[in-house]
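Data block below; observations after.
Computed from heavy atoms alone, side chains included, the values below leave out hydrogens, waters and symmetry copies. Predicted model, so just to flag it, every value in this text is computed and none were measured. Residue indices begin at 1 and follow the sequence shown.
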Amino acid sequence: MSRVSVPIVLALLCMAAPALAGPEAIVSDVRIHGNYRTPDDIVLQLAGLTVGQPLGPGGVDAMADRLRKSGRFESVEVRKRYRSFD
């Protein structure tokens, strides 16, 4: 069975970490766009991502690399966004 590659975008919604916790952000939500062949929970597993985890420097690039190396996606884009207080 051959694998069909699709583009994927992970949008990580983060909250700023408490001042005492350092420069990391906390992943509060993940939105996956463009994926229709791989279940979202598998995408998160491939990315090594769980909601509530700290996201330190280089975390976004490491997730994108893991997803690219899986060979399941034509292109990968991981975006880190902060929730607004609106």
Side-chain angles (χ1 to χ4, degrees):
M1 178 169 108
S2 65
R3 250 185 221 169
V4 175
S5 296
V6 296
I8 186 170
V9 176
L10 256 65
L12 308 177
L13 299 177
C14 298
M15 299 182 305
L20 298 176
E24 298 176 332
I26 306 297
V27 177
S28 62
D29 192 18
V30 178
R31 297 187 184 155
I32 300 171
H33 303 279
N35 174 52
Y36 59 90
R37 299 199 128 222
T38 305
D40 289 354
D41 58 330
I42 300 298
V43 172
L44 296 177
Q45 186 178 38
L46 291 169
L49 177 63
T50 57
V51 172
Q53 82 178 47
L55 186 62
V60 170
D61 292 334
M63 279 183 235
D65 287 342
R66 286 191 291 268
L67 289 167
R68 284 184 193 103
K69 288 177 183 174
S70 75
R72 293 181 183 231
F73 309 104
E74 179 180 299
S75 63
V76 173
E77 187 175 339
V78 179
R79 299 177 186 167
K80 177 177 155 185
R81 300 287 184 254
Y82 286 94
R83 286 192 178 273
S84 69
F85 292 107
D86 297 351

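Side-chain contact between Leu44 and Val51 is absent, with no heavy atoms from C-beta onward closer than 4.5 Å.
Taking Arg79 as the reference, Glu77 meet the side chain to side chain donor-acceptor pair (under 3.5 Å) condition, with sequence neighbours excluded. Listed by chain and residue number, Arg68 satisfy the salt bridge (Lys or Arg N to Asp or Glu O under 4.0 Å) test with Asp65 (two or more places apart in sequence, or in another chain). Evaluation of the side-chain contact (heavy atoms from CB on, under 4.5 Å) rule for Gln53 yields Val27, Leu49, Thr50, Met63 as partners, not counting sequence neighbours.
Across all their heavy atoms, Leu46 and Arg66 have their closest contact at O-CB, 3.4 Å.
Sorted pairs that involve residues 55-64 and meet side chain to side chain donor-acceptor pair (under 3.5 Å), not counting sequence neighbours, are lacking altogether.
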